[in-house]
Amino acid sequence: AEWGYSPTNGPDVWARLFPQAGGARQSPVDICTSIASSDSNLEMKKLTFAYESQSDLRILNTGHGWKVEAPQSGSRLEGGPLGEDIYQLEQFHCHWGETSAEGSEHTVDGRAYAGELHLVHWNTTKYQSFAEAAQHPDGLAVLGVFFDVGNESNDEIEKIVSTLSEIKFKGQFTDIPDVIDPTTFLPSGLGYWTYLGSLTTPPCNECVIWIVYKEPITVTEEQVTYH
Ligand SMILES: C[C@@H](NC(=O)c1ccc(Cl)c(S(N)(=O)=O)c1)c1ccccc1O
Ligand SMILES: [Zn+2]
């Protein structure tokens, strides 16, 4: 049974096929800024990240957007809400919609953004593999970055979007020749919201520490709409 986003196979029926989708810490959520509380000890342990630049990364058409496989043993995400554990980049992917008025998974006070980039990491301090980490409540950490549509195109996103014409159909993949540095996807303002949630796609494992940046990055309409 293929899951998707239609009335017959979308989020409202995922729980029939994927029991975790009916759980108590499901993502995405609407971030209500008025009730989000600031947590002083998050400020004490600054969230830090270090990525490598990689070329020839494989990009896949997942049928729900694109996904770049980027296992980076040299990458590190730590601090902030991640306790003493170190998380390593596994992949990054994008969610977007038919128009630039919608497409993000998280919303902020009910407002959707044109799209949302997810940098998926797993806890290498405690677990031996991504698959194993995804079975534990502190197994994954995902950085979410909202896309705002504006006049400037994002050069790094362009390196990715420029390959999509080669992978028009679900399951197709190709290599991105350019060097990609995931650091360039992050906004300059590093304020974020964080909460304990899940994969937003099946099997919806409740294993994700979410870190959603407040500041969106700007991309052009062409960079975030289906063609
Ligand atoms: C879209 C893509 N999803 C992932 O690869 C994915 C994996 C881990 C996380 Cl943590 C997330 S997320 N969105 O919570 O950041 C998404 C996907 C495509 C096809 C089939 C299954 C499937 O999962
Ligand atoms: Zn995602």
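- If you take OG1 on T107 and OH on Y113, they are separated by 10.0 Å, rounding to the nearest 0.5 Å.
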Stepwise side chain to side chain contact (heavy atoms under 4.5 Å, CB included) test for K126 and D138
CA-CA 9 Å; K126 286 187 178 166; D138 60 354; 2.5 Å; yes
Could you check K170 against E2 for salt bridge (charged side-chain N to carboxylate O under 4.0 Å, His left out), going step by step and ending with a plain yes or no?
CA-CA 12 Å; K170 177 175 178 172; E2 195 41 46; 2.8 Å; yes
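- Taking NE2 from H93 and CD from E69, the interatomic distance works out to 12.5 Å, rounded to the nearest 0.5 Å.
- Relative orientation of the F146 and H106 rings is perpendicular, given thresholds of 30° and 60° on the angle between their planes.
- A single hydrophobic cluster is seen to contain both L119 and I176, as judged by linkage of ILVMFWY side chains at heavy-atom distances under 4.5 Å, directly or through other members.
- When all heavy atoms of H95 and T200 are compared, the pair lying nearest together is CE1-OG1, 3.8 Å.
- Proximity of a side-chain donor or acceptor of E206 to a complementary backbone N or O of R25 within less than 3.5 Å is detected.
- Contact check on K46 versus E78 returns no salt bridge, with no Lys/Arg side-chain nitrogen under 4.0 Å from an Asp/Glu carboxylate oxygen.
- Note on L89: it clusters hydrophobically with V68, by side-chain heavy-atom contacts below 4.5 Å among ILVMFWY residues.
- In this structure a side-chain-to-backbone donor-acceptor pair under 3.5 Å is present from E156 to D181.
- No path of Ile, Leu, Val, Met, Phe, Trp and Tyr side chains, each step under 4.5 Å between heavy atoms, connects L196 with V212, placing them in separate hydrophobic clusters.
- Nearest heavy-atom pair, L199 versus V208, reported as atom, atom and distance to 0.1 Å: N-CG2, 3.6 Å.
- Judged by distance alone, the side chain of E116 and the main-chain N or O of E105 form a donor-acceptor pair under 3.5 Å.
- Under a cut-off of 6.0 angstrom, the local environment of CG in N151 is sparse, with at most 12 non-hydrogen atoms contributed by other residues, nucleotides or ligands.
- Under the 4.5 Å side-chain heavy-atom criterion for ILVMFWY residues, no single connected hydrophobic cluster contains both W14 and V29.
- The shortest side-chain heavy-atom distance between L140 and Y87 does not fall under the 4.5 Å cut-off.
- Considering CD of Q223 and OG of S153, their distance stands at 4.5 Å, rounded to 0.5 Å.
- Of the inter-residue distances, the one linking Q135 atom CD with S129 atom OG reads 8.5 Å to the nearest 0.5 angstrom.
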Between L143 and L186, is the side chain to side chain contact (heavy atoms under 4.5 Å, CB included) condition met? List the steps.
CA-CA 9 Å; L143 295 185; L186 301 180; 4.1 Å; yes
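- Counting all heavy atoms, side chain and backbone alike, G115 lies closest to S104 at O-CB, 3.7 Å.
- Here the side chain of K67 pairs no donor or acceptor atom with the backbone of F92 at under 3.5 angstrom.
- Although no hydrogens or angles enter the test, the distance criterion places no donor-acceptor pair under 3.5 Å between the side chain of T174 and the main chain of L60.
- Ring pair Y5/W3 is perpendicular by interplanar angle, where above 60° counts as perpendicular and below 30° as parallel.
- Counting all heavy atoms, side chain and backbone alike, A114 lies closest to V149 at CB-CG2, 3.6 Å.
- In this structure, R111 pairs ionically with D148, as a charged nitrogen and a carboxylate oxygen lie closer than 4.0 Å.
- To the nearest 0.5 Å, atom NE2 of residue H136 and atom SG of residue C207 are 9.5 Å apart.
- Formation of a donor-acceptor pair under 3.5 Å by the Q26 side chain with backbone atoms of G22 is not found in this model.
- Hydrophobic clustering of Ile, Leu, Val, Met, Phe, Trp and Tyr side chains at less than 4.5 Å, counting indirect connections, unites L77 with L190.
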Working for side chain to side chain contact (heavy atoms under 4.5 Å, CB included), residues Q54 and I180
CA-CA 5 Å; Q54 287 175 299; I180 303 283; 5.7 Å; no
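- For the pair V145 and P187, the tightest heavy-atom approach, listed with the atom from each and the gap, is CG1-CD, 4.0 Å.
- Other residues, nucleotides and ligands contribute only 12 or fewer heavy atoms inside 6.0 Å of the CZ atom of R76.
- The 12-atom threshold is not exceeded at CZ of F173, counting heavy atoms of other residues, nucleotides or ligands nearer than 6.0 Å.
- Aromatic ring pairs are classed by plane angle as parallel below 30°, tilted from 30° to 60° and perpendicular above 60°; the pair Y195 and W210 is parallel.
- Under the 3.5 Å distance criterion, the side-chain polar atoms of D30 are matched with a main-chain donor or acceptor of G110.
- For the 3.5 Å distance criterion, the side chains of Q172 and E166 fail to qualify, holding no donor opposite an acceptor.
- Remark: the backbone N or O of T33 is paired with a side-chain donor or acceptor of D109 at under 3.5 angstrom.
- The two residues V224 and W96 make their nearest non-hydrogen contact at O-CB, 3.6 Å.
- Between the side chains of N9 and S6, a donor-acceptor pair is found at a separation under 3.5 Å.
- Ring centers of Y51 and H121: under 6.0 Å apart, within the cut-off.
- Atoms CZ and OG, on F49 and S75 in that order, are 12.0 Å from each other to the nearest 0.5 Å.
- S27 contributes a side-chain N or O that, together with a main-chain N or O of S198, makes up a donor-acceptor pair within less than 3.5 Å.
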For a side chain to side chain contact (heavy atoms under 4.5 Å, CB included) check, start with the C-alpha distance between W193 and I211, then their side-chain angles and the critical distance, and finish with the verdict.
CA-CA 6 Å; W193 295 290; I211 296 166; over 6 Å; no
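- Of the N and O atoms on the side chains of S100 and E221, at least one donor lies less than 3.5 Å from an acceptor on the other residue.
- The backbone N or O of Y127 sits nowhere less than 3.5 Å from a side-chain atom of E132 that would complete a donor-acceptor pair.
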